[in-house]
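One structure is given below, encoded as structure tokens.
Every value quoted in this text rests on a predicted model; they were computed, and no experiment measured them. Within every chain, numbering begins at 1; the chains are lettered A, B, ... in the order of the sequence lines, protein sequences first and strands thereafter.
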Amino acid sequence: MNVNPYLFMPELSMFLIIALLFVQAVGSERMRDKVGVWLPIASLLPIAVSLLSVGQEGLFFHGAYQIDPLSQFFKVAIAIGFSVTIFNATRQPTLETEKRSDYFLFLAISAWGLMMLASSVELITMYLALELSSYALYAIIALRAKDKGAAEAAIKYIMFGAVSTALALYGFSYILAGMHTTYLAELVQKTWSFEAAPMAVTGMGLFLLGMFYKLALFPFHFWCPDVYEGASNETAAFVATLPKLGAVVILIRLAAMFKPGYDITTVIAVLAALSMTFGNLAALAQKDVKRILGYSSVAHAGYIMIGLVSGTAEGLAAASFYTLAYVAMNLTCFWVVSRVSVDGRNLQLDDLNGLHKRAPALAFALAVGAFALVGLPPMAGFMGKLFLFSSGWNHGYNWLIIIAGINTAISIYYYLGLVRHAYTKDAAEDLPLPDTSAFSFAGAALLSLLVLGLGMMPAGVFDFALKVGSVMP
Amino acid sequence: MQEVAYPVLTVLIFFPLLAAIGLFFLRGENTVRIYTLVVSIIELALSYPLFAGFKLESAAFQFVERMDWVGQWGVEYYLGTDGISFLMIILTIAVLPLCVLCSWTYITTRIKEFHFCLLFMTAACVGVFTALDLVLFYVFWEAMLVPMYLLIAVWGGPEKRYASLKFFLYTLAGSALLLVAIVAFRVAGGTFAIPELMEQNFAFSFQFWAFLALALAFAIKVPMFPFHTWLPAAHVQAPTAGSVILASVLLKMGTYGFLRFNLPLTPAASDYFAPFMIAISIAGILYGGIVALGQNDIKKVIAYSSVGHMGFVTLGIFLFNQRGLEGALFQMLNHGITTGGLFMMIGAVYERSHSRELEDNQGLGKYMPAYMFFWGLFALSSFGFPGTNSFVGEILVFVGAFEQNPWIGALMVPGAMVAAAYMLRVSLKLAWGRPTSWKQWPDLNLREWTYLAVPAVFVLYIGLAPGLCFKIMDASLIKLEKDVKEGAKIVSIQKENPLQLAFNSLKGIVK
């Protein structure tokens, strides 16, 4: 086997970080304190490396591992997301010092697993990468000092995760039995209608459940708000964003099998519609900011599906673009949540009151993030929705676009609620001061610029995403 | 006539935006006010090339700027103006200095942010009236929501939170389907460029739904009865400048949308829905007038009168004849001038009495003659007194209505009468009512004279010499009328019952 190590430099750079963190985690106590010093800087390395390896292409490990524009696009996104979450988590107040390096170690392992997931083009490889990224998360969700909610969240995540994994594995066996292969390249050649291959379609359905679980698509979403609420703000920021990238990359790889008109595509379209509607309606009633973001992510999982059911390169590109935009918008919101909650508690809407006076930069970033999630121009969310709707129209699922439009209208209320509390209400006097340091300002400014930039100048990223969309496994 | 060497429209959009950023480097309240005033006057001066270069006889888009934005999807940065948008652009820019002046002593908190919102609004509104790409239009359309929301929510009256939320939810919810319609146009027509889409004849089943999606967004913005409930709340709670912008510019966006999108892009569906649109326009005229008659809050009177006045505009639009269209566009301009003026007057008296109740502001005639002079002028204009600007617009809509169908004309008459009744009632009490609190307020000062004189001059100028406005709008409106009539003829309308038609069209959309 001729393996060119340059092709997986992003994974190697992430592995280097993992190795260093491992040494630190098992090292002396004095060593462990230093993690916050070097890691944020080191986390920039995978971004640089994955950007450099964007043009690479190759196939190895007996055809199970593919380097192509799709994988490289998502590796860049994962690296950026990882770096932002690391910066965000350096000041996590609910984590004991001695657990710090373990915490970061698990985050890095999860990101590493997701990077590998981006390149997997064989079902078992995918499964392994997926579990690698998930197990790390199971561990860190519970890491919130002496908090019962965190333990409950972790148990929920593990239990539901285990069930969905079991279903996915079960699905594998059906696919293997029905199609006699686990390689996507061969699987896409087959006919995926229920009449032609009932067993394989059932198996694919079960396998997709696992992905839908990661993506928190209705009805596999129930863990999501609870886990966000139970996990610390910084952990929730990670769980809410990066695993979604992993799930979407897999769905894009599988999308060649979702031709419009196939039963399985219709099922996905229906789930998408339900997911948007349920997520948005449930979010209307929430008071806890993380639960709002949790339900909003259920709704957004539905929006992303529009690109997948359209079955065109534009649709896949739109889904990739929207996922990237979603990660940026969500990280912006979570950045604000983490900086406002200086003591690590869960923020209620009222805790945001008067933020524009207490921390104008954070209030602005929150407004940018929230309006972007609504899909208000000129933010990234608007362009993402425009691409999704344009790609989806006239491919047999116009009703889905209309439902998405109506859902956008429903979602305005709760996103606006975030801004309303920050800008038009006065703060209670006993609220703790948010973090207004230069660090907090710089993060808010960079993330807002990213969200605005993706919205105002999307052409470059979208053109790249289009290359992604044209890659079928 | 001279060629303009630089992109005028882009400058008009981005100059206030850049100037708005400059606000954050300033110190001192008055510095901020003076700076914004200077910026607004420069903006006005920058619009001079529009006058100098606008070709009156041409119906084509002028001052066109076009470049790629998101190449892959065919989204362009595409601006231009014609006789329909020209007056709206000028109105938007002209209102800005007046808003700065009328807020001079009214706004005392968060002054920088307030003026930032004003400048941002102006940029977005000019963008709406100049955009010739559907996506660009949508971007500006939504972008102006945030500053307007903040104007009401931060500097508004006691019920500001409720009013601002209602305003935001209504308008944004209305435009959610607008985005879907935009996408549908792109897929059906192959482009986002409005002039190119106007050339095409879409199938009726497509037009049917596209019309509804567009009309919902625009009808909420106008606002047409029964989507008007956000308007009185927003008007009453907004600060004076907010009310002025809302009345003068924002409401026009809805009717502009009908003229720019519904009529040319979905002519057959517009024709099909015209009776319905005319019916709810008349309902709006009557409803707005009758409710205004019963209000004791002066601002509410004017707010409800806006519902009625905008009813005249939408009625004129859907009459589908030259007089109706001219009258509608005229009324858009006139309502901007007159109602803007009235809101500024209410702001001026509110600063003295700290109340908008009619009871608390009676008997001003004796001590504030200048104030009552302006009020009288704007009030006369508001109900369409001959010699004032609104007379020209209203009479055109009337003529158009009688041309179309005498019954429509006859139904409008009570609307005009009610308008006279409520304006006279308010004017009577303001001028000669018995004052309940005896305080002698000072008459208008120089600043107030300045910002009231400008609309007053236009009330009389347009009322007495409307020729220039006709010249500006006529070529474009004649073309619009011709295109719509031809478009409606080409695309046949199935003679089925409306429910069956809706169902069939729905099947076409859902497939």
Side chain, backbone, both or neither of [X] within contact of chain B (heavy atoms, under 4.5 Å):
| X | result |
| --- | --- |
| Y413(A) | both |
| F387(A) | both |
| Y423(A) | both |
| S411(A) | neither |
| M379(A) | neither |

Is there a side-chain contact between [X] and [Y], using heavy atoms and a 4.5 Å cut-off?
| X | Y | result |
| --- | --- | --- |
| I402(A) | W209(B) | no |
| K160(B) | T424(A) | no |
| L386(A) | W73(B) | no |

Exercise for review: Could you note down all residue pairs passing salt bridge (charged side-chain N to carboxylate O under 4.0 Å, His left out) where residues 65-76 of chain B supplies at least one of them, sequence neighbours left out?
Suggested key: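 Listed once each, the pairs are R66(B)-E76(B), R66(B)-E196(B).
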**Study point:** Residue among R186(B), E113(B), R161(B) with most heavy-atom pairs under 4.5 Å to chain A
**Key:** R161(B)
[X] [atom1]: over 12 foreign heavy atoms closer than 6.0 Å:
| X | atom1 | value |
| --- | --- | --- |
| F364(A) | CZ | no |
| F441(A) | CZ | no |
| Y106(B) | OH | yes |

Point to revise | For chain A, which residues of residues 162-181 of chain B have heavy atoms nearer than 4.5 angstrom | key: L165(B), F168(B), L169(B), L172(B), A173(B), A176(B), L177(B), L179(B), V180(B)
Point to revise | chain A contact residues among residues 117-140 of chain B, heavy-atom distance under 4.5 Å | key: V135(B), Y138(B), V139(B)
Check your understanding: Considering only heavy atoms, which portion of W69(B) lies under 4.5 Å from any heavy atom of chain A: side chain, backbone, both, or neither?
Key -> both
**Study point:** Residue selection (most heavy-atom pairs with chain B, distance under 4.5 Å) from M457(A), K425(A), K385(A)
**Key:** K425(A)
Point to revise | Among the listed options G460(A), S390(A), G405(A), the residue most often paired with chain B at heavy-atom distances under 4.5 Å | key: S390(A)
**Study point:** Contacts of E159(B) that satisfy salt bridge (Lys or Arg N to Asp or Glu O under 4.0 Å) - sequence neighbours left out
**Key:**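 Residues passing salt bridge (Lys or Arg N to Asp or Glu O under 4.0 Å) with E159(B): none at all.
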